Structure formats: structure tokens, C-alpha cells
**Q** 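I'd like to ask you about the structure that follows.
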Amino acid sequence: MTYNSSLLRLLDERGYIHQLTDPEGLDELAGKGIVPAYIGFDATAPSLHVGSLVQIMMLRRLQQAGHKPVVLMGGGTTRIGDPTGRDESRKMLSDETIEANIASIRTIFSRLLKFGDGPTDAVMVNNHDWLGQLGYIQLLQEVGTHFTVNRMLSFDSVKLRLEREQPMTFLEFNYMILQGYDFRHLCKTSAVRLQMGGSDQWGNIINGVELTRRMDGIEVFGLTTPLLTTADGKKMGKTAAGAVWLNDDALPAYDFWQFWRNSDDRDVGRFLRLFTDLPLDEIARLEALEGNEINAAKVVLANEVTKLCRGEEAARTAESTAQATFAGGGLGQDLPVFDLPAEGLGIIDALVGIGFAASRGEAKRLVSGGGARVGGVAISEDGYHIPGGAELRISSGKKKHGILRPAA
RNA sequence: GGACAGGUGGCCGAGUGGUUAAAGGCAGCAGACUGUAAAUCUGCCCGCGCAAGCGUACGCUAGUUCGAAUCUAGCCCUGUCCA
């Protein structure tokens, strides 16, 4: 459908909308005034990764369209563990870890959203603040009466687990109730009317919508984004070395930049729309590039996303490093560095030292497979001794490069 | 509490006394081809060691055996059904 509100138009044309509880209703509401909307984030790690970036960007769009983003940190629900889409319970995290994670995750939001006290300024809340207060009897009475077990069993998060005969603890079973309670709580205390999330959150979101309607008679809305996979069908956010973390201290800016630079051709347009602020006509021009030309679009993508998440400076440095290493065959300042002793260093030690191999055995395999190079020259002998004295480029494969620098 | 089934390498999954560091698949790494893309083909894929070899590893613990992922006992955990 075509939307009248700038919010839904923006989300729609940029590709964020997968499911929406009541399109007409929300369109009308968003056209009338400021809509506070929230997205929940887990605090299982000290940083979010690119899998969450769609959600974060969606809050940014919300703010761009003149509404109020509410970032919900799952300080309480992380202690439960969302069973959605997984067969195993989450390991328990200590309170200190969760609090530390939340503090660390906060940094990325402050880059992408404007926080403050104004009507459309973003705010961050932590559901531990209210869930932690909840008495068991009180919860059962207030909320428990609105959920039937019959219906709870019908949700995918539960049903799939049962069908696969995988264990689900009562603790996890309660997750959807608590997430539903969050929505209702935010509606009541902060006039939040919309919850957004990934497509796997549909069930959880619906619960909040239902609960709010039943308890308070207020219509709130839910919106999910499409499941983001790369064109070759993989889940977004996992890559070679692990997750693509958003925080500066969790993944070097150069690696972050490279992740985007290496996007699949078919993903470029979609990613530009979702993850950058570039105007749509510019994106249309970039994604129309063919063959070798599309690489220019990937550089733009990498620059723009890095700029947003890591800052202007980080993006520039990463780009010039890439330019120097790939086009020039030289060395960029952003590459990983390892000290080269005056007497030189064995190839195996160098590869392990700089982090291109996790063990000596792996380094040897790399060498015997022909993937190791020093100064651009392939090294096929694992006894090779790298001479000391001069700065050298060391490579694993075509993409991983580093600098061996004589120790000062 | 009882009966039955199960717990194998990052994941899935074969293996029921030696030739098994453990088939096969996925994921991963590298090579070729390219465009730092995709697809495809090839090699590698527990650690240490130049190597012979050593050390770890099949839920945990004890045992049988020249030898155990494979047999026995106890324990822990999970599922299904029964109480």
C-alpha cells in the first residue's frame, strides 16, 4: 500500500518493512503527531553486531521522520534468554556482566541517535528497572490471566522447540510474557505506541500488542523488518573471523570497512538503502553499476556505513589503507602490525604473531597451501626465516595483510 | 519414582573391541578462475614437534581387556511414555 505518513513512507521505500500489525492505523497515527517507538536489544555481549544494525538504523529513520526512539536494553530479559529460533538455552550471565555489556553497547547508539530531553530525542531504558521489581504472585495475577497456555504453546518459539524434542525450561517459556509486559509498561509510562524488531520477533511483539489491548484497551502497533541474509543465503553478521561487531574496541575499523567492501554484488543496493543515509536516487545510480564498476559502489557503501558507526576519520583511514594495500600493493596505516626483531623471524611465528593463524599447525598449513606471502612473494617453505631490519608486508591469502615492523 | 531412547570434533551426523584423530555433510582457511563479488573446481581443516613421534579428544567416574568412542558398573544430563 502507499502510505501517507512520512515515517512509513521512509521505512517502506528503504526496505525496512516486512510485517505490520495495522498499516492504516499506524499510518494515521504517525501522520498526526510524534510516535514514541521502541526496539529491544539483548545484553549478551559487550557489543552488538551488524545483525542488529538494521534495527538501530530503523530507530535512526524514526528519528529522521520526526518521532521518538526508545532504546530498550534487555537488562531483565537477558537474564531469561529468548528461546526464539534457538534449540539451546542461553548460558546464564552474571548481573555485573549484563550491566557492563549495557554500558558498552550504549556507545553505538550515541553515534547513530540523538539523545536528550527533547520531544524527539532518543532515550534509553532498561527493563531490569521494572521487571526486577515484579513480584511473582503479582505478575501471575496481572499478566498471567491474559495468557492461555494453549496459545503460548502455539508460538513458533515454543512449538518448534517442542516439535524437535529439544528441552525448553520454564524460565525460557516465560520470556514472551515478560517481553509482552515490557511493551505494555512502556505504553503506560512513556506513551510508546509501536514496537519494532526483526522478523523473528513477530510473535513476541504480538504478545505485547495483545496484552496492552487486554489490560488497558489501547491499540499499540508492531512492525518487523525482513530477515536479513546475504545474497548467498547466509545470516548477516557472521563472517570469517566471527561476528562483525559494531563497537570500536570489538573490531578494528579497517576490518569493519572491509566487511562492507566485500559485500556480494547483489546486496549492494539493499545495504545502501538500509545502512546509509544516501538519497535514493544516488543509491539507484550506484546499484545499477555493472561488472567491475560495482566495486565503486561497494567502496561508497563501506565509507558511508563506517562513517556512521565509527566516525568520519575511521572511514577515511580505512579507505586509504585499502587503497594503498590493494591498488598500490603497499602498506596502509590501518593494517595490523607485528614487531619484527632485528635478527628476523620465522615465517610461522610471524603468521601466528600477527594473528593470521590461530596455532603453529594452522600457520604451517597456510604456508604449505601456498597462501602465505612476505613482501608480496609467496613463501612455500615453513622453515623460511624473514630477515629483520626492514618493514615488510605479510599476507595470508589475497585479502589479509599486515605489517612486520622492525621493533624500535 | 518406573520403562524406553539418547549424550561423538564449531554444528549436523556415521561409527558398536584393534587397521579410528574418528566416515559423510555444513561452516571455516588456502589455491585456480575473477572484480578484494558470485558460482565452480582443487587442497587443507585438534595441539606440540623439522621429523620419527608425543599429548589430548567421543557426558563424568571407576573397571574388564594386550587394546575401548565401542564391553561392564555407578553417576550426571536430555527426550518420550507411565506413575
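Just so it is clear: chains get the letters A, B, ... in the order the sequence lines come, proteins before strands, and each one is counted from 1. All values below were derived from every heavy atom in this structure, side-chain atoms included, with hydrogens, water molecules and symmetry-related copies excluded. Keep in mind the model is a prediction, meaning the values are calculated, not measured.
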**Q** Between atom NZ in A:Lys398 and atom C1' in B:rC29, what is the gap in whole Å?
**A** 13 Å
**Q** When you compare the side chains of A:Gln195 and A:Asp182, does any donor N or O come within less than 3.5 Å of an acceptor on the partner?
**A**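 On atom types as modelled, these side chains do not qualify, holding no pair under 3.5 Å.
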**Q** When we call it a touch if two heavy atoms are under 4.0 Å apart, what does A:Ala322 touch: a base, just sugar-phosphate, or nothing?
**A** base
**Q** Taking N and O atoms by type only, does the side chain of A:Glu165 place a donor or acceptor under 3.5 Å from a partner on the base of B:rU78?
**A** no
**Q** Any base atoms under 4.0 Å from A:Glu293, or only sugar-phosphate, or nothing? Heavy atoms, all strands.
**A** nothing
**Q** Starting at CH2 of A:Trp260 and ending at C1' of B:rU36, how long is that distance when rounded to a whole Å?
**A** 16 Å
**Q** What contact category does A:Ser396 fall into here, base, sugar-phosphate, or nothing, at under 4.0 angstrom with non-hydrogen atoms?
**A** sugar-phosphate
**Q** Paired with B:rC81 by Watson-Crick or G-U wobble geometry, both distances under 3.5 Å: which nucleotide is it?
**A**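 When the pairing criteria are applied, B:rG2 turns out to be the nucleotide that pairs with B:rC81.
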**Q** Tell which nucleotide pairs with B:rC44, taking only Watson-Crick or G-U wobble pairs whose two distances are both under 3.5 angstrom.
**A**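 Here B:rC44 is engaged in a pair, and the nucleotide opposite it is B:rG28.
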**Q** Counting any heavy atom closer than 4.0 Å, what does A:Ser368 reach on the DNA or RNA strands: base, sugar-phosphate only, or nothing?
**A**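 Touches nothing.
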**Q** Checking base pairs now: Watson-Crick or wobble, both atom distances under 3.5 Å. What partners B:rG35?
**A** none
**Q** Scan every strand shown for a Watson-Crick or G-U wobble partner of B:rC66, both distances under 3.5 Å, and answer none if you come up empty.
**A**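 Matched B:rC66 with B:rG18 under the 3.5 Å cut-off.
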**Q** Partner of B:rA73 by Watson-Crick or G-U wobble geometry, both contacts under 3.5 Å, or none?
**A**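 By the stated definition (distances under 3.5 Å), B:rU61 pairs with B:rA73.
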